[in-house]
Amino acid sequence: MSKKPVRVAVTGAAGQIGYALLFRIASGEMLGKDQPVILQLLEIPDEKAQNALKGVIMELEDCAFPLLAGIEAHSDPLQAFKDTDYALLVGARPRGPGMERADLLAANAQIFTAQGKALNAVASRNVKVLVVGNPANTNAYIAMKSAPDLPAKNFTAMLRLDHNRAASQLAAKAGFKVGDIKKLTVWGNHSPTMYADYRFATVDGKSVKDTINDQDWNANVFLPTVGKRGAAIINARGLSSAASAANAAIDHMRDWALGSNGEWVTMGVPSNGEYGIPAGIVFGFPVTTENGEYKIVEGLAIDAFSQECINKTLAELQGEQDGVKHLL
Ligand SMILES: NC(=O)C1=CN([C@@H]2O[C@H](COP(=O)(O)OP(=O)(O)OC[C@H]3O[C@@H](n4cnc5c(N)ncnc54)[C@H](O)[C@@H]3O)[C@@H](O)[C@H]2O)C=CC1
Ligand SMILES: O=C([O-])CC(=O)C(=O)O
């Protein structure tokens, strides 16, 4: 018997990431090849954006995806989020050359108070929310705080692109196959302060750290490369990453919904005090996922270098959080 369709809301649906994301959701890459989906798409109430959204919907129709059980176009989050089981909050202003993601806070923060309130009012009580719009951790925090009737754990931020970037850099450095790297994580904020940590990573059971054995490369090449990869892409393309961001969003939601089979993945999730991160801060952690729930990997040793990196990214997040107090 075929499964009942689930409702997937995507904001910023006519933007760059939306264009790389929707077709993959509709083809079953996110929630499984047996799971029908109804897409509930949100764009701003602006003629150009709504027209662009119409064009994207025409293309979705023209793909004749067997799993696509319905498509709705909206300009009001209260309609777009009605009964939604999954919400991918992509719609927000991207940065341009010379900006940091935190510079977007003033432009984007209000989007996430309004959308958090709308989710609170009309979404499924089990909705799984992924915030992609930057600065993603703080926007997820804002949405979570604006939705007091929904469980805080349902609000997550995207650190998966950083995780995937880190895996790719390690594979290139040591000649690993990227898919063979296990137990990698990225701690903290989706910003250059993130701490990509391969101390626990293995390939075929062998330590990645011991194989590479180069702390100078870790501190002075690997971390800055992963941390500043978004800016490098903006400099090269003139636009921020889109296909790789959409891919990471698919990875994040797929693993959350369908399970990571015991493997570690990185998600930005509200802390419950793990590793000394104050409760409520949306922080990149290693997690495993099963039965639609994520669980932070606990008990990992944090050495002095790692603690310094974690303190730095935490301090940045606390600064961002202070800056949005007035909105909450
Ligand atoms: N967390 C991550 O790893 C990454 C995050 N991003 C962020 O994702 C966001 C979207 O990026 P792009 O798709 O490249 O931008 P874009 O400018 O191409 O598309 C954004 C779309 O969102 C729409 N939008 C704006 N406000 C909205 C609202 N209140 N409700 C619904 N839609 C709204 C716009 O009309 C536009 O069509 C940016 O903030 C970008 O910085 C991008 C890459 C990676
Ligand atoms: O760098 C940006 O502004 C877009 C982004 O978040 C990324 O590519 O990681």
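The first residue of the sequence shown is numbered 1, and numbering continues consecutively from there. Just the heavy atoms: all of them, side chains too, but no hydrogens, waters or symmetry mates, feed the values below. One-based numbering, in listed order, for ligands and for the atoms of each.
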Side-chain atoms of residues 129-143: list all donor-acceptor pairs with protein atoms under 3.5 Å, sequence neighbours left out, distances to 0.1 Å.
{"from": "Asn134", "atom 1": "OD1", "to": "Ala136", "atom 2": "N", "distance (Å)": "3.4"}
{"from": "Asn137", "atom 1": "OD1", "to": "His190", "atom 2": "N", "distance (Å)": "3.0"}
{"from": "Asn137", "atom 1": "ND2", "to": "Gly188", "atom 2": "O", "distance (Å)": "3.0"}
{"from": "Asn137", "atom 1": "ND2", "to": "Val282", "atom 2": "O", "distance (Å)": "2.9"}
{"from": "Thr138", "atom 1": "OG1", "to": "Glu320", "atom 2": "OE1", "distance (Å)": "2.5"}
{"from": "Asn139", "atom 1": "ND2", "to": "Gly133", "atom 2": "O", "distance (Å)": "2.9"}
{"from": "Asn139", "atom 1": "ND2", "to": "Asn134", "atom 2": "O", "distance (Å)": "3.0"}
{"from": "Asn139", "atom 1": "ND2", "to": "Pro135", "atom 2": "O", "distance (Å)": "3.3"}
{"from": "Tyr141", "atom 1": "OH", "to": "Gln321", "atom 2": "NE2", "distance (Å)": "3.2"}

> Please walk me through it: do Tyr198 and Phe222 pass ring pair (Phe, Tyr, Trp, His ring centres under 6.0 Å)?
Replying inline: CA-CA 10 Å; Tyr198 60 84; Phe222 173 72; 5.1 Å; yes
> With no hydrogens and no angle check, do the side chains of Ser244 and Asn247 hold a donor and an acceptor under 3.5 Å apart?
Replying inline: no
> Which atom pair, heavy atoms only, marks the closest approach of Leu89 to Leu119?
Replying inline: CD1-CD1, 4.2 Å
> In Å, rounded to the nearest 0.5 Å, how long is the span from CZ of Phe285 to CD1 of Ile296?
Replying inline: 4.5 Å
N/O contact list for ligand 1, threshold under 3.5 Å:
{"from": "ligand 1", "atom 1": "1 (N)", "to": "Val132", "atom 2": "O", "distance (Å)": "3.1"}
{"from": "ligand 1", "atom 1": "3 (O)", "to": "His190", "atom 2": "NE2", "distance (Å)": "3.1"}
{"from": "ligand 1", "atom 1": "6 (N)", "to": "Asn134", "atom 2": "ND2", "distance (Å)": "3.3"}
{"from": "ligand 1", "atom 1": "13 (O)", "to": "Gln16", "atom 2": "N", "distance (Å)": "3.4"}
{"from": "ligand 1", "atom 1": "13 (O)", "to": "Ile17", "atom 2": "N", "distance (Å)": "3.0"}
{"from": "ligand 1", "atom 1": "14 (O)", "to": "Gln16", "atom 2": "NE2", "distance (Å)": "2.8"}
{"from": "ligand 1", "atom 1": "18 (O)", "to": "Gln16", "atom 2": "N", "distance (Å)": "2.9"}
{"from": "ligand 1", "atom 1": "30 (N)", "to": "Gln115", "atom 2": "NE2", "distance (Å)": "3.3"}
{"from": "ligand 1", "atom 1": "32 (N)", "to": "Gly12", "atom 2": "N", "distance (Å)": "3.3"}
{"from": "ligand 1", "atom 1": "35 (O)", "to": "Glu43", "atom 2": "OE1", "distance (Å)": "2.7"}
{"from": "ligand 1", "atom 1": "37 (O)", "to": "Glu43", "atom 2": "OE1", "distance (Å)": "3.4"}
{"from": "ligand 1", "atom 1": "37 (O)", "to": "Glu43", "atom 2": "OE2", "distance (Å)": "2.6"}
{"from": "ligand 1", "atom 1": "39 (O)", "to": "Arg93", "atom 2": "O", "distance (Å)": "2.9"}
{"from": "ligand 1", "atom 1": "39 (O)", "to": "Asn134", "atom 2": "N", "distance (Å)": "3.1"}
{"from": "ligand 1", "atom 1": "41 (O)", "to": "Asn134", "atom 2": "ND2", "distance (Å)": "2.8"}

>> Give me each pair satisfying salt bridge (charged side-chain N to carboxylate O under 4.0 Å, His left out) with a member in residues 59-85, each pair once, sequence neighbours excluded.
In response: Arg7-Glu72
> Contact residues of ligand 2 with a heavy-atom cut-off of under 4.0 Å?
Replying inline: Arg95, Arg101, Asn134, Leu161, Arg165, His190, Gly230, Ile234, Ser240, Ser241
>> Measuring from atom CD of Glu274 to atom CG of Asn272, what distance do you get when rounded to the nearest 0.5 angstrom?
In response: 4.5 Å
>> Please evaluate residues Arg254 and Glu29 with respect to the criterion salt bridge (Lys or Arg N to Asp or Glu O under 4.0 Å), reporting the C-alpha separation (whole Å), side-chain torsions for both, the decisive distance (0.1 Å), and the verdict.
In response: CA-CA 8 Å; Arg254 182 201 57 225; Glu29 284 183 62; over 6 Å; no
>> Tell me whether Ser271 contacts the main-chain N or O of Ile281 through its side chain, where contact means a donor paired with an acceptor under 3.5 Å.
In response: no
